[in-house]
Amino acid sequence: MDQNVIKVGDFVIVQRQGYTKLHKLKAHGTLSLGSFTVELDNIVGEKYGATFQMKNFPGNRKLFTLEKVDEMPGITSINIEKSGLDNRNITDDGQSQNLTTEDISKLKSEELNSNSIVEKLINNSKTFNSKTEYSQEKYIKKKEKKYFEYVQIRRPTIRLLATMFYRQDPSKTLGIRIDDLSQILTYSNIQSQGTHLLYDSGTSGLLPAALLHQLGGGSPAHLIHLHPGNECQKSALVAMNFPPEQLNRCINVNLYSVLRCYYQQKETFDDPPASKKMKIEEGAVPKKPNWQMENERACQLLNKGVDSLIIASKEHPNALVSQLAQFLTGGRNLIVFNQSREPLQDLYLHLKEKLDFIHIKIVTNFMRNYQVLANRTHPEVNMTTGGYILTAFKLK
Amino acid sequence: MDQNVIKVGDFVIVQRQGYTKLHKLKAHGTLSLGSFTVELDNIVGEKYGATFQMKNFPGNRKLFTLEKVDEMPGITSINIEKSGLDNRNITDDGQSQNLTTEDISKLKSEELNSNSIVEKLINNSKTFNSKTEYSQEKYIKKKEKKYFEYVQIRRPTIRLLATMFYRQDPSKTLGIRIDDLSQILTYSNIQSQGTHLLYDSGTSGLLPAALLHQLGGGSPAHLIHLHPGNECQKSALVAMNFPPEQLNRCINVNLYSVLRCYYQQKETFDDPPASKKMKIEEGAVPKKPNWQMENERACQLLNKGVDSLIIASKEHPNALVSQLAQFLTGGRNLIVFNQSREPLQDLYLHLKEKLDFIHIKIVTNFMRNYQVLANRTHPEVNMTTGGYILTAFKLK
Amino acid sequence: MSFDDYKAVIDEGDTVILYLTISQIYSIRAEAKTLSKKGVEVENVFQTPYGALKCADLIGKPYGSKITLSKGWGYVMQPTPELWTQTLPHRTQIIYTPDISMIILQLEIAPGSIVVESGTGSGSLSHALIRAVKPTGHLYTFDFHKNRVELVREEFAQHGLSDYVTVSQRDVCSSGFGDELENKADSVFLDLPHPWQAIPHTLNVIKETGGRICSFSPCIEQVQKSCEVLSKLGFQEIQTMEVLQTSYSVQTRKLPVLDLDFLKSEKDGTETKGKEREVVKCVTAVPPASMPGHTGYLTFASLPPVWARSLQISLNQAQEDNSPDL
Amino acid sequence: MSFDDYKAVIDEGDTVILYLTISQIYSIRAEAKTLSKKGVEVENVFQTPYGALKCADLIGKPYGSKITLSKGWGYVMQPTPELWTQTLPHRTQIIYTPDISMIILQLEIAPGSIVVESGTGSGSLSHALIRAVKPTGHLYTFDFHKNRVELVREEFAQHGLSDYVTVSQRDVCSSGFGDELENKADSVFLDLPHPWQAIPHTLNVIKETGGRICSFSPCIEQVQKSCEVLSKLGFQEIQTMEVLQTSYSVQTRKLPVLDLDFLKSEKDGTETKGKEREVVKCVTAVPPASMPGHTGYLTFASLPPVWARSLQISLNQAQEDNSPDL
């Protein structure tokens with residue numbers, strides 16, 4: 001089946017101007033997009049990357065439907081006729097717009113055209129003409145965004161998910177920004193081989209998804225994904241639409257549970273691969289619960305040693321590193337992310353004392369986007385802050 | 001006397017390309033500038049801003065003299081004929097230059113012309129042609145700098161001193177970079193009025209000089225400059241060639257000494273101005289030592305309250321602020337600089353607990369210079385790090 | 001009248017800064033009456049999130065003291081150029097304190113300096129320039145817009161700064177800075193859409209003994225054109241820079257410390273999350289979620305004294321000829 | 001042969017990273033013999049500041065183990081693209097790990113990806129690209145310079161990576177990327193003096209289902225021209241960014257604590273510095289005195305699938321028409 005075709009059951013990213021939303025496509029499902037409720041039926045069977053126009057649903061003012069567009073009408077710009085001098089007399093008392101919510105809703109339902117709606121809003125605003133030119137431009141941009149009528153359907157990627165999660169709320173990914181994520185991946189030396197160990201106490205599945213993406217499809221590599229709760233966070237893991245073979249090589253286990261399993265059954269993990277052993281046992285004893293099977297699978301791999309240890313935790317990293325570093329093969333890298341520098345400073349001093357790690361560094365990034373337009377090129381006026389990454393090399 | 005004329009006794013800045021050096025001009029003095037010893041007699045009586053060429057002193061190969069230039073000869077660029085592929089085979093064993101130190105010294109003494117010397121160096125280099133183009137350009141720049149034959153004489157300013165000190169060694173100014181300095185000045189709200197209190201444990205006089213500069217000449221304002229040692233650092237203070245009236249309004253006193261004086265003689269400072277009182281006493285008792293006079297002068301002012309408190313210390317700031325904040329008038333600002341963030345975090349929490357300061361902030365800066373050239377505009381490839389400034393507003 | 005010298009007590013007519021929290025700072029006037037939007041004289045009451053404040057009540061209060069509001073309290077501060085920058089009515093994009101600080105230091109401004117500014121905009125920089133030059137220096141500030149000029153002139157009067165500043169309406173790009181300022185200025189500041197059109201005129205206003213210039217531009221193309229003109233006209237020490245300030249608040253965070261060692265010995269499979277309640281305190285400086293990523297590029301340059309200008313032009317040209325192509 | 005898969009022990013012919021201190025890291029080859037500058041086979045000895053190392057002695061040593069030198073010791077590491085970037089022979093300005101990391105994530109490269117790179121330069125980025133695409137993907141890398149192509153091809157062979165990469169000599173600006181690559185690539189990376197000349201050719205190599213492109217340029221003028229071309233050709237999500245990494249070392253500093261309270265009571269004027277010996281320990285992260293202020297601008301863009309390209313071109317043009325003049 002053509003993977004470029006949008007299917008029911010896919011996770012899709014709906015993009016409207018700079019705004020993106022992750023959505024699992026159901027048959028006859030709707031999606032709320034800003035102030036709109038949108039029916040998605042028409043996108044099924046179309047191709048990823050296509051653009052759709054929101055159109056009012058006949059007979060239902062509240063509902064919008066999507067129609068595929070193949071060309072754009074000419075867009076005309078809105079002229080500002082008069083501007084005010086300063087913002088001294090502008091008080092936003094909510095009374096400045098003559099159009100009622102009902103009027104606006106009617107406008108939207110007649111024909112959703114951001115340009116014409118914004119023009120009507122301006123014409124009915126008591127304060128627009130006394131705003132400064134600067135505020136007027138801001139107002140137009142904001143309103144155009146609100147009533148923008150085109151959406152695009154995209155297939156989720158790590159890049160899009162990382163960007164979207166961070167924009168929505170950096171705490172969704174423990175503060176991991178896209179540059180942080182990119183460097184965690186390179187410093188861990190992850191590739192389509194080996195076993196990789198991750199402790200993640202809440203990146204919405206972004207970190208395991210990104211690592212699994214680097215392991216690739218059909219490879220012999222594994223990711224052991226330790227989490228602190230009953231269930232791991234997996235939004236990004238499922239959003240990536242990984243094939244089952246690949247998804248299955250990400251072993252999600254509870255930190256306590258797997259460590260207990262490891263310490264209690266240590267001697268058994270040197271035996272032949274678990275799969276064989278399990279099969280023999282299957283007939284004799286009642287089938288083990290799934291979590292226990294996963295724990296044992298993880299322990300088999302841990303016992304052989306892992307090729308990277310990656311930690312992104314809410315908890316203080318020292319105890320975690322002390323416990324998990326035993327599984328890291330000598331000659332491989334430890335990567336610890338934190339939104340604050342101080343816990344990593346503690347870890348730095350801890351590792352220096354213990355002497356079994358070298359090449360210890362803490363890094364952070366300054367990242368800035370640019371507006372590049374003829375005669376108007378400058379860095380974007382807003383900037384975010386990233387986190388800190390400690391990297392260290394384990395000795396044999 | 002025209003203050004644009006260079007005089008014996010002036011502090012001058014000698015600039016050669018990007019390099020600057022502070023020098024006190026003596027009659028018949030010399031200055032070492034890179035590998036050159038330069039006689040400065042010829043600059044006396046010329047004007048600041050003039051450019052001079054280094055010329056060999058007849059009869060003394062080691063000595064150079066300065067000749068005023070009014071026009072520049074055409075400068076030709078050096079052509080690179082052949083470049084190597086990588087730096088793999090380049091080992092700097094000190095054997096790559098066929099010219100001996102003696103040869104080069106002779107070249108310099110014949111006619112100091114950076115272009116012609118660099119060309120000769122290249123022609124006699126065994127490795128130049130196998131360097132990469134990138135390394136060759138670096139080599140030429142470095143050598144041109146070394147043999148550059150023009151210097152300019154500048155009058156010291158706060159800007160030039162701050163830049164020069166930081167470039168020579170940031171620890172000379174406790175790590176205060178030019179942006180830090182500029183913000184210390186604005187946040188302290190310093191101007192040609194009031195009394196200002198500074199504790200400085202080693203900025204080479206830069207901070208008191210910058211503050212005194214903002215107080216201006218002929219103003220009623222005072223600066224009390226507390227220092228921890230027997231003598232205060234005053235390189236920048238003297239370099240600024242302040243008129244005596246202005247320099248005299250900077251009262252340099254030892255921290256311990258002035259505090260002891262304050263506590264012991266507290267009751268006397270509410271009396272009429274010290275100057276009057278002193279005059280009366282002069283006849284009766286032996287004249288007090290100068291440091292004691294300065295202490296009393298400072299205490300008189302401290303007793304009335306100061307309009308800003310500025311601290312740039314090697315010591316932990318908490319004890320200093322606890323002690324000195326008593327002199328800061330309510331409604332005025334506290335400014336504390338430190339190269340590290342952590343001591344200021346301690347102070348932040350300390351001030352929050354005590355409740356007599358509000359509007360507490362810690363700031364730091366990202367500062368970057370740009371190369372702006374046709375088709376080659378980009379930020380400079382090297383960047384420094386600045387320090388941290390805590391600001392707080394004292395309540396009544 | 002509260003911008004000149006340090007004051008102890010609020011007088012009638014003073015502009016006063018009302019501090020509620022670090023992000024709620026307002027400028028108000030200590031006057032009993034004010035004009036309503038319709039031009040009628042009404043009682044001057046300032047509405048805060050913590051209740052109304054009768055501005056007349058401020059008169060006589062010491063600066064730095066606490067003010068009780070019906071639902072909370074605030075503090076009154078004497079305005080400084082920095083506080084004014086935070087609270088002034090925006091008529092344009094304004095210049096903020098980190099850039100202002102650098103401009104004043106780089107332009108080497110001190111009491112007695114004669115400074116020329118264009119455009120005046122909302123007067124954010126002007127207040128800091130006046131503080132630096134007064135009482136013996138002077139600021140000459142120009143704006144293209146008549147109304148801005150009038151508003152800012154009125155503000156300077158209200159702030160007690162009129163003696164130190166002259167505000168004029170003028171398009172300096174086409175008309176220059178006027179004959180009265182010929183060879184008068186120690187330094188010139190430009191915040192204009194096309195600074196390269198004004199730069200040639202600055203040659204006439206800067207003192208014969210030389211001076212400094214600064215151009216503030218948001219876009220790199222403006223910088224490129226300005227630097228080219230500066231170099232051709234013989235300015236030296238041409239330097240473009242950017243200053244971005246981050247402001248931190250300090251917090252004590254509690255990080256859980258996981259106890260995992262017990263798993264080695266304990267045999268029964270009780271609650272997995274039972275043992276993680278130990279915490280470690282961690283003092284950290286927290287940056288804002290979003291911070292300024294750009295204000296503008298600052299380009300500085302020196303105009304040499306007249307006796308060194310021609311030499312500088314030839315030097316600049318030689319350097320340009322010498323620079324290799326990309 | 002040590003760049004593919006994780007290894008336990010050093011084999012003959014492996015490239016090995018020798019770690020002495022955080023700033024003294026070298027790449028050497030575990031071979032008994034090497035060729036001298038004159039082409040004669042000699043014993044392969046590496047000189048370190050802590051004594052000489054016979055490279056043959058490394059064979060059979062486990063990676064991550066300690067190596068004794070005559071005047072100290074070092075550690076041997078299996079090379080990663082990051083370590084190689086730190087130690088490779090520079091033939092050009094190279095791309096460093098922070099930019100490399102962003103390039104790989106933004107270009108959405110994973111095992112199986114077909115990636116096109118031009119120019120190869122010193123091969124710093126190439127090694128990271130190969131790690132990301134192998135074993136099922138492939139890197140096609142182009143350089144204008146014949147000798148660079150030969151050297152980097154030899155390096156890939158020595159590193160055991162030849163199966164995953166094809167190196168070709170080609171001026172992609174004038175000749176494009178060749179017919180064999182038509183509609184083959186998932187992503188394209190450009191590090192060229194005139195990237196805007198190569199961008200039109202990338203339309204031919206990117207898959208019909210769309211792909212990503214990155215251009216790395218040190219100068220803003222290169223970015224301006226590239227973005228203009230990208231927009232005209234219908235690329236979307238055009239984004240230019242900069243990543244600067246700071247690397248900290250952690251230190252415990254001792255700050256003196258001044259005792260000044262005793263001055264209130266003590267009456268005699270003994271030594272002023274007597275009481276200041278108390279210290280407080282302060283753990284702090286120290287940045288380097290000087291750090292990278294610029295490497296290059298990264299410009300990324302998406303080429304939409306063929307079925308959406310024409311729409312995108314009309315959209316970009318409309319946006320341009322719509323943007324107000326400065």
Side-chain angles (χ1 to χ4, degrees), chain B residues 4 47-51 69-72 74-75 77 137 157-159 162 178-179 181-183 185-187 189 191-194 213-219 307 329-333 341 345 348-349 358-359 361-370 372-377 393-396, chain C residues 5-6 8 19 22 62-66 75 77-78 80-82 97-98 100-102 104-106 108 110-112 128 131-132 134-136 209-210 220 223-224 227-228 239-248 250 252 283 285 297 304-305 307-308 310-311 314-315 318 321-324 326:
Chain B
N4 293 302
K47 285 180 167 177
Y48 282 104
T51 298
V69 285
D70 291 311
E71 58 182 33
M72 297 290 282
I75 295 175
S77 64
E137 277 166 20
T157 67
I158 296 297
R159 170 178 68 91
I178 196 158
D179 51 326
L181 180 63
S182 76
Q183 292 175 22
L185 298 176
T186 50
Y187 288 122
N189 192 28
Q191 50 194 279
S192 57
Q193 276 137 336
H213 184 238
Q214 295 312 123
L215 297 185
S219 87
D307 297 297
T329 302
R332 307 283 186 263
N333 294 320
R341 199 176 67 191
Q345 293 180 184
Y348 184 103
L349 295 176
I358 58 167
H359 204 207
K361 284 201 293 192
I362 296 177
V363 299
T364 189
N365 299 299
F366 170 90
M367 185 180 81
R368 202 160 61 161
N369 291 317
Y370 281 76
V372 182
L373 289 171
N375 288 320
R376 277 165 295 141
T377 300
F393 176 84
K394 193 184 182 192
L395 294 177
K396 201 76 186 177
Chain C
D5 208 347
Y6 303 97
Y19 177 99
I22 202 137
Y63 280 110
S65 61
K66 191 170 176 173
Y75 302 94
M77 296 167 147
Q78 185 183 349
T80 62
E82 291 66 46
T97 298
I100 290 174
S101 305
M102 185 58 81
I104 290 176
L105 197 152
Q106 291 276 350
E108 303 183 337
R131 173 180 59 189
K134 75 186 174 69
T136 46
T209 51
I220 195 71
V223 174
Q224 292 167 318
C227 285
E228 200 188 327
Q239 186 188 21
T240 297
M241 61 165 69
E242 218 189 344
V243 182
L244 292 177
Q245 191 187 71
T246 310
S247 172
Y248 293 97
V250 177
T252 303
V283 174
Y297 299 101
W307 54 85
S310 62
L311 178 67
S314 75
L315 201 68
D321 295 344
N322 200 21
S323 53
L326 184 71

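Small disclaimer: the values here were computed from a predicted structure and weren't measured. So that the names make sense, note that chain A is the first sequence line, chain B the second, and so on, each numbered from 1.
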For a side-chain contact (heavy atoms from CB on, under 4.5 Å) check, start with the C-alpha distance between Trp307(C) and Thr209(C), then their side-chain angles and the critical distance, and finish with the verdict. CA-CA 8 Å; Trp307(C) 54 85; Thr209(C) 51; 4.2 Å; yes

May I have the step-by-step check of side-chain contact (heavy atoms from CB on, under 4.5 Å) for Met241(C) and Asp179(B), ending in yes or no? CA-CA 11 Å; Met241(C) 61 165 69; Asp179(B) 51 326; over 6 Å; no

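Looking at Pro304(C), there are no atoms closer than 4.5 Å to chain B (heavy atoms on both sides), in backbone or side chain. When heavy atoms are compared at a cutoff of 4.5 Å, Thr377(B) approaches chain C solely by way of its side chain, counted from C-beta outward. The contact between Arg368(B) and chain C is made by backbone and side chain atoms together, counting heavy-atom distances below 4.5 Å. If you measure heavy-atom distances from Thr136(C) to chain B, you find no contacts under 4.5 Å at all. Residue Leu215(B) touches chain C through its backbone alone, counting heavy-atom pairs closer than 4.5 Å. Contacts between Gln239(C) and chain B at a heavy-atom distance below 4.5 Å involve the side chain alone, from C-beta outward. For chain B, the nearby parts of Gln224(C) are the backbone and the side chain; heavy atoms of each come within less than 4.5 Å. For chain B, no part of Ala128(C) is nearby; none of its heavy atoms comes within less than 4.5 Å. With a threshold of 4.5 angstrom between heavy atoms, Leu349(B) approaches chain C through side-chain atoms but not through N, CA, C or O.
Among Met77(C), Lys134(C), Met102(C), the residue making the largest number of heavy-atom pairs under 4.5 Å with chain B is Met77(C). Between chain C and the options Thr329(B), Val372(B), Asn189(B), heavy-atom pairs under 4.5 Å are most frequent for Asn189(B). For chain C, the option among Leu185(B), Thr157(B), Thr364(B) with the highest count of heavy-atom pairs below 4.5 Å is Thr364(B). Ranked by heavy-atom pairs under 4.5 Å with chain B, the list Val283(C), Thr80(C), Asp5(C), Ile22(C) is led by Asp5(C). If you tally non-hydrogen atom pairs under 4.5 Å between each of Lys66(C), Gln106(C), Gln78(C) and chain B, the highest count goes to Gln106(C). With chain C as partner, the option from Arg341(B), Lys361(B), Gln214(B), His359(B) having the largest number of non-hydrogen pairs under 4.5 angstrom is His359(B).
Of all the heavy atoms in Pro135(C) and Ser192(B), the pair that sits closest is CD-OG, 3.1 Å. Between Pro111(C) and His213(B), the shortest heavy-atom distance links the atoms CD-O, 3.6 Å.
Geometrically, Arg332(B) does not engage Tyr6(C) in a cation-pi contact defined by less than 6.0 Å to the ring centre and at most 45° from the axis.
At least one side-chain heavy atom of Ile178(B) sits under 4.5 Å from a side-chain heavy atom of Met367(B). With a 4.5 Å cut-off on side-chain heavy atoms, Leu105(C) and Arg159(B) count as touching. Contact check for Cys227(C) versus Thr240(C): side-chain heavy atoms found under the 4.5 Å cut-off. The side-chain heavy atoms of Gln183(B) and Glu82(C), taken from C-beta on, include no pair separated by under 4.5 Å.
Between Tyr297(C) and Tyr370(B), the ring center distance clears the sub-6.0 Å criterion.
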